[in-house]
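See below for the structure under consideration.
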Amino acid sequence: MDHEADAYRTDLMTITRFVLNEQSKHPESRGDFTILLSHIVLGCKFVCSAVNKAGLAKLIGLAGETNVQGEEQKKLDVLSNEVFVKALISSGRTSILVSEEDEEATIVDKSMRGRYCVVFDPLDGSSNIDCGVSIGTIFGIYAIKDDHEPGLDDVLQPGKNMVAAGYCMYGSSCTLVLSTGEGVNGFTLDPSLGEFILTHPNIKIPKRGKIYSVNEGNAKNWDGPTSKYVEKCKYPTDGSSPKSLRYIGSMVADVHRTLLYGGIFLYPGDKKSPNGKLRVLYEVFPMSFLMEQAGGQSFTGTQRSLDLVPKSIHERSPIFLGSYDDVEDIKALYAAAEK
């Protein structure tokens with residue numbers, strides 16, 4: 001590989017160019033989705049900048065309030081939420097917004113409405129801010145089909161109905177992973193250009209991986225299938241090598257690694273939290289959408305994750321997602337437990 005030539009590449013596939021290219025494949029497209037996405041990208045750049053200078057700007061620490069989940073809100077959480085809400089409304093392409101940080105859905109004023117609904121977690125893994133661990137933004141997009149007054153029914157629908165999903169990870173580099181239903185692509189922010197450049201085209205998750213990712217601190221409360229699966233990861237009976245445990249505790253970072261290297265990410269329900277801890281609309285659905293688009297699977301313990309129909313905007317669900325064959329293994333354990 002000619003690294004010197006690579007450093008001076010002039011034919012860069014930016015995210016804007018990539019989305020415009022995709023738009024040109026659909027002659028009926030009016031460019032609304034492209035405009036919406038450019039506002040999401042702007043929000044990601046803003047939050048990336050804020051995360052990078054959080055310590056200097058005294059953004060680290062608590063804002064003194066708790067969010068709807070009863071979790072203490074970080075100053076950076078509040079800032080990120082405001083950034084995305086304002087960016088999405090000002091795009092003029094959204095009708096309803098659901099954020100992890102807001103108890104109620106935001107219905108956009110009639111004069112600024114468009115044909116999309118966006119569900120998002122503005123800053124996932126924020127308990128890791130103070131120690132510099134990777135955190136991120138997760139988002140999913142639904143289209144409103146009919147010209148009608150927007151309501152919760154527009155977002156309380158299965159994840160398989162999403163038109164796009166993605167996340168932006170703020171870590172050693174700022175990486176945006178996106179799917180519009182035709183595969184998964186990863187873009188890395190070049191700070192010198194202020195542009196996201198295509199660095200991970202057509203991401204495909206390996207069919208089976210060597211890593212499992214779960215919070216083993218909850219092991220005493222797990223159900224039988226999860227306990228058996230993790231036991232098999234550590235002490236395989238088929239002569240294969242044990243899987244490695246990797247758990248960051250920031251969903252974006254754990255799922256990103258799983259997507260690139262293969263393996264499985266588990267957040268099961270347990271005796272303390274029968275429905276798990278991850279929220280369906282803006283955590284489970286977008287990540288499941290990406291995983292399936294990359295050739296993996298996502299499972300709730302009873303069904304395909306994207307088939308779930310949420311009844312409330314902050315509903316939770318267990319989740320097992322990752323390499324196709326690894327998820328098949330845990331599905332088999334749940335099927336056997338049901339018999």
Quiz item: Do K160 and D307 come close enough that some side-chain heavy atom pair is under 4.5 Å?
Solution: yes
Quiz item: Does any N or O in the side chain of T94 come within less than 3.5 Å of the main-chain N or O of I96, such that one atom is a donor and the other an acceptor?
Solution: no
Quiz prompt | Contact check, side chains of Y170 and V47, non-hydrogen atoms, under 4.5 Å | solution = yes
Quiz item: Which atom names give the shortest non-hydrogen contact between G263 and T258, and what distance separates them?
Solution: O-CG2, 3.6 Å
Quiz item: Salt bridge between E149 and R113, side-chain N to carboxylate O under 4.0 Å?
Solution: yes
Practice problem: State whether K207 and E328 are salt-bridged, where the test is any N-O pair (Lys NZ or Arg NE/NH1/NH2 against Asp/Glu carboxylate O) under 4.0 Å. | Solution: no
Quiz prompt | Side-chain (E315) to main-chain (K311) donor-acceptor, under 3.5 angstrom | solution = yes
Quiz item: Between atom CE of M291 and atom CD1 of I203, what is the distance when rounded to the nearest 0.5 Å?
Solution: 10.0 Å
Quiz item: Under 4.0 Å between a Lys/Arg side-chain N and an Asp/Glu carboxylate O for E292 and R304?
Solution: yes
Quiz item: Applying the 4.5 Å side-chain criterion to the ILVMFWY set and letting contacts propagate, would L42 and V85 be lumped into a single cluster?
Solution: no
Quiz prompt | Set of residues satisfying ring pair (Phe, Tyr, Trp, His ring centres under 6.0 Å) with respect to F320, sequence neighbours excluded | solution = Y334
Quiz item: Would you call M287 and V252 a side-chain contact if the rule is heavy atoms closer than 4.5 Å?
Solution: yes
Quiz item: Would V41 and I89 show up in the same hydrophobic cluster when neighbours are defined by side-chain heavy atoms closer than 4.5 Å?
Solution: yes
Quiz item: What is the minimum heavy-atom distance between D238 and S240, and which atoms define it?
Solution: OD1-OG, 2.6 Å
Exercise. State, with a plain yes or no, whether a side-chain heavy atom of I138 is found less than 4.5 Å away from one of E100.
Key: no
Quiz prompt | Nearest non-hydrogen partners of A253 and S134, listed with the distance | solution = CB-CB, 3.9 Å
Quiz item: Honestly curious: do M112 and Y116 fall in one hydrophobic cluster under the side-chain, below-4.5 Å linking rule?
Solution: yes
Exercise. Specify the closest pair of heavy atoms between Q293 and S179, including all atoms of both residues, with the distance to one decimal.
Key: CG-OG, 3.2 Å
Quiz item: Shortest non-hydrogen contact from L123 to S80?
Solution: CD2-OG, 3.8 Å
Quiz item: Say you draw a straight line from CE of M162 to OG1 of T180; how long is it, rounded to the nearest 0.5 Å?
Solution: 14.0 Å
Quiz item: Can you check whether G249's main-chain N or O pairs, donor with acceptor, with D254's side chain at less than 3.5 Å?
Solution: yes
Quiz item: Looking at CD1 of I319 and CG of L278, how far apart are the two atoms once the value is rounded to the nearest 0.5 Å?
Solution: 6.5 Å
Quiz item: So K228 and E231, salt bridge (charged side-chain N to carboxylate O under 4.0 Å, His left out) or not? Walk me through it.
Solution: CA-CA 5 Å; K228 279 181 188 166; E231 187 76 5; over 6 Å; no
Quiz item: How about I141 and I40: do any of their side-chain heavy atoms sit closer than 4.5 Å?
Solution: yes
Quiz item: What distance do S323 atom OG and R208 atom CZ have between them, rounded to the nearest 0.5 Å?
Solution: 8.5 Å
Exercise. Measure the CG-CZ distance between N161 and F289 for me, rounded to the nearest 0.5 Å.
Key: 10.0 Å
Practice problem: Give the minimum heavy-atom separation between K331 and Q297, together with the two atoms involved. | Solution: NZ-OE1, 2.7 Å
Quiz prompt | Co-membership, hydrophobic cluster, residues V163 and F139, 4.5 Å side-chain | solution = yes
Quiz prompt | Any donor-acceptor pair under 3.5 Å from K243 side chain to G209 backbone | solution = yes
Quiz item: Quick one: does D223's side chain have a donor or acceptor within less than 3.5 Å of a partner on T226's backbone?
Solution: yes
Quiz item: Can you tell me if D124 uses its side chain to pair, donor with acceptor, with the backbone of G136 under 3.5 Å?
Solution: no
Self-check item: Check: R115 main-chain N/O paired with S95 side-chain donor or acceptor under 3.5 Å
Solution: no
Exercise. Give a yes-or-no answer on whether the side chains of N81 and D102 include a donor-acceptor pair shorter than 3.5 Å.
Key: yes
Quiz item: Quick one: are L260 and H200 in side-chain contact, heavy atoms under 4.5 Å?
Solution: yes
Practice problem: Please answer whether the main-chain N or O of Y267 pairs with a side-chain N or O of N215 as donor and acceptor at a distance below 3.5 Å. | Solution: no
Practice problem: Could you tell me whether the side chain of V184 reaches within less than 4.5 Å of the side chain of I205, counting heavy atoms only? | Solution: no
Quiz item: Has N21 got more than 12 heavy atoms of other residues, nucleotides or ligands less than 6.0 Å from its CG?
Solution: yes
Exercise. Look at the side-chain heavy atoms of Ile, Leu, Val, Met, Phe, Trp and Tyr, link any pair under 4.5 Å apart, and say whether F18 and I35 land in one connected group.
Key: no
Self-check item: Value rounded to 0.5 Å, distance of CZ in F285 from OG in S305
Solution: 8.0 Å
Practice problem: Apply the test side-chain contact (heavy atoms from CB on, under 4.5 Å) to residues E103 and I313: give CA-CA distance (whole Å), side-chain angles for both, the deciding distance (0.1 Å), then the verdict. | Solution: CA-CA 9 Å; E103 190 165 354; I313 60 172; over 6 Å; no
Exercise. Dump the intermediate steps for side-chain contact (heavy atoms from CB on, under 4.5 Å) on C168 and T175, then the final yes or no.
Key: CA-CA 6 Å; C168 189; T175 307; over 6 Å; no
Exercise. Take atom NZ of K204 as the centre, draw a 6.0 Å sphere, and report whether it contains more than 12 heavy atoms from other residues, nucleotides or ligands.
Key: yes
Practice problem: Kindly determine whether C174 and F196 satisfy side-chain contact (heavy atoms from CB on, under 4.5 Å), including the steps that lead there. | Solution: CA-CA 9 Å; C174 180; F196 279 100; 3.8 Å; yes
Exercise. Please answer whether the main-chain N or O of S273 pairs with a side-chain N or O of D270 as donor and acceptor at a distance below 3.5 Å.
Key: yes
Quiz item: Aromatic rings F265 and Y247: how do their planes relate, parallel, tilted or perpendicular, breaks at 30° and 60°?
Solution: parallel
Practice problem: Would you mind reporting whether L88 and R93 have side-chain heavy atoms less than 4.5 Å apart? | Solution: no
Quiz item: Is the backbone of T300 close enough, under 3.5 Å, to the side chain of Q303 for a donor and an acceptor to pair up by distance?
Solution: no
Exercise. Apply side-chain contact (heavy atoms from CB on, under 4.5 Å) to I135 and V51, showing your working.
Key: CA-CA 9 Å; I135 51 183; V51 167; 4.0 Å; yes
Quiz item: Using a distance-only test with no angle check, is there a side-chain donor-acceptor pair under 3.5 angstrom linking E195 and T14?
Solution: no
